[in-house]
Number of protein chains: 2
Amino acid sequence: MSAINEYKEHDRMLIAVDCIIFGFDGEDLKVLLIKRGFEPGLGKWSLMGGFVKANESADEGAIRILDLLTGLTKIYMEQLYSFTDISRDPADRVVSIAYFALIKIDDYSPELLNEHNARWISIKKVPAMIFDHKEMIELAKERLRQKVAAYPIGFELLPDKFTLSQLQNLYEAIYETTFDKRNFLRKILSIGVLKKLDEKEKHLSKRGSYYYKFDHKKYQKLEQQGIKFI
Amino acid sequence: MSAINEYKEHDRMLIAVDCIIFGFDGEDLKVLLIKRGFEPGLGKWSLMGGFVKANESADEGAIRILDLLTGLTKIYMEQLYSFTDISRDPADRVVSIAYFALIKIDDYSPELLNEHNARWISIKKVPAMIFDHKEMIELAKERLRQKVAAYPIGFELLPDKFTLSQLQNLYEAIYETTFDKRNFLRKILSIGVLKKLDEKEKHLSKRGSYYYKFDHKKYQKLEQQGIKFI
DNA sequence: ACAAAAGTGTTCACTGTACACCCATGT
DNA sequence: ACATGGGTGTACAGTGAACACTTTTGT
């Protein structure tokens, strides 16, 4: 950093945040994309984003913008990476700080989808996108895989009550692979952060399967020692 | 992101890069810090940094600034995280993109240390620092630990030729722990990316120990399948 | 009765870890 | 001769991976 009296001579830039919002519909891992209704890139697919204001941090900006576009607060979000290529946005010099967010897909109402011209798109079929947004999604997918193996953030994508099959489907969707049911359940149950409920899910199968909850308290006790979820 | 004609109405900010430069002296993992010769924070410890110009990406800026301050090019560097608190720099709104870099400690000459009022400081004894620079160092240490377990970047901190003891000392310094010599060597040699040279190091011990080199070609063959170094 | 998902154990290979002594050489 | 770091093997426990059948119940 240079001397204070030189600060004014340096170049100033726009700071944007772009949010990679993941959701899970029980089958596929999806990202929430919007079709841009304005230039540049009108009609093209884009992430949700906006500019950071002078009186807010990027984290605060990301929270504000997500609230604006989804009405959701208190969602899991973390900074991913900053994209700084000179001409990534042809309209101006914009540094974009990408965030990735995990939401429960049912919290995002169909009305909002219409209102923002948004759609849930499977990560297996991400279309061409403006600027470097596809690169952002790729990186977010990568980071999600890393994180979900070591931290219990996958639960942010599931309802509060979920069956073990749903949990396995989620991990399979994230890693785009399949796991052996017995091995998966043994491992995930042995961690000891799932609480079995007395209630059964009765729609997805005839027999019905028990609901489980993520047990935050038990997790907090284990947290420091570093857990492998997968 | 908003419509193009609104771009001009958004706030513009200074973008800085700050570099966490790691080095290894055979004993301790160190960071290169400078004592600021200017305000704000004159006389305080600081990372090396500078402002990103309008005509360069942050990566390019980081490379330029590192070259400026160390004369070194072609060094390992990666973007770490962006620090965006409103008042992290009291003089102005500055978004700082932190980079971490790995250099061979002998490449940074003592003259440069004087010239920039710089010093190598053990990561075990990082002093109070300006702004959020200490937080940056903590995060960089964390990231280095993650990376070095999965990628062969530790070698960036060692001379081209190194002994297995030096390599073990490096990993021990990074993780601030000790490893069993036999287990460590078995694991690291079993990866098959170290090339034993005929030459021996004769200063550090009476018996002398063989030099090894990192074998880039062998690594590239194994790269895709994901290697665990530790 | 049958279809469809739930639930449940064992075996084996591999990996990680604990642990202690002899070797070569310069002084 | 001795001090110093270099170099080496084995046993055991824990983890990961492969693998198939029975149970429940709605239709």
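First the proteins, then the strands, lettered A, B, ... as listed; each starts at 1.
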Using a cut-off of strictly less than 4.0 Å, decide whether A:Ser165 has a side-chain nitrogen or oxygen near OP1 or OP2 of C:dA6.
-> yes
query = So, does the side chain of A:Arg186 form a donor-acceptor pair with the base of C:dG9 at under 3.5 Å?
reply = yes
Is the distance between the ring centroids of B:Tyr81 and B:Phe83 under 6.0 Å?
yes
Considering only heavy side-chain atoms of A:Lys206, the closest of D:dT25, D:dG5, C:dA6 is D:dT25
From the candidates C:dA6, D:dG6, D:dC19, the one with an atom nearest any side-chain atom of B:Ser205 is D:dG6
*asked:* Base, sugar-phosphate or nothing for B:Thr163? Non-hydrogen atoms, less than 4.0 Å.
replied: nothing
Run the ring-centre check on B:Tyr171 versus B:Phe229 and record whether the distance is less than 6.0 Å. no
- Message: Check this for me: does the side-chain of B:Arg207 come within 3.5 Å of the base of C:dA24 through a donor and an acceptor?
- Response: no
Value for CG (A:Leu33) from CG (A:Asn117), rounded to nearest 0.5 Å, stands at 11.5 Å
B:Asn183 CG to D:dA13 C1', in whole Å, measures 13 Å
Which part of the nucleic acid, if any, lies within contact of B:Leu204, taking any heavy atom under 4.0 Å across all strands shown: a base, the sugar-phosphate backbone alone, or nothing?
-> sugar-phosphate
Between CZ of A:Phe184 and C1' of C:dT8 the distance, given in whole Å, is 16 Å
* To do: Determine, for B:Phe184 and B:Lys181, whether the Lys NZ or Arg CZ falls below 6.0 Å from the six-membered ring centre while staying within 45 degrees of the axis.
  => no
Winner on side-chain proximity to A:Lys202, out of D:dT24, D:dG26, D:dG6, is D:dG26
Walking DNA chain C from its 5' end, the first of B:Gly208 and A:Lys200 to be reached, judged by nearest nucleotide, is A:Lys200
Discussion item. Tell me whether the side-chain N or O atoms of A:Lys187 pair up with the base of D:dG16 as donor and acceptor below 3.5 Å, since no angle test is needed here.
Written reply: no
Ranking C:dG9, C:dA6, D:dG6 by distance to the side chain of A:Arg182, first place goes to C:dG9
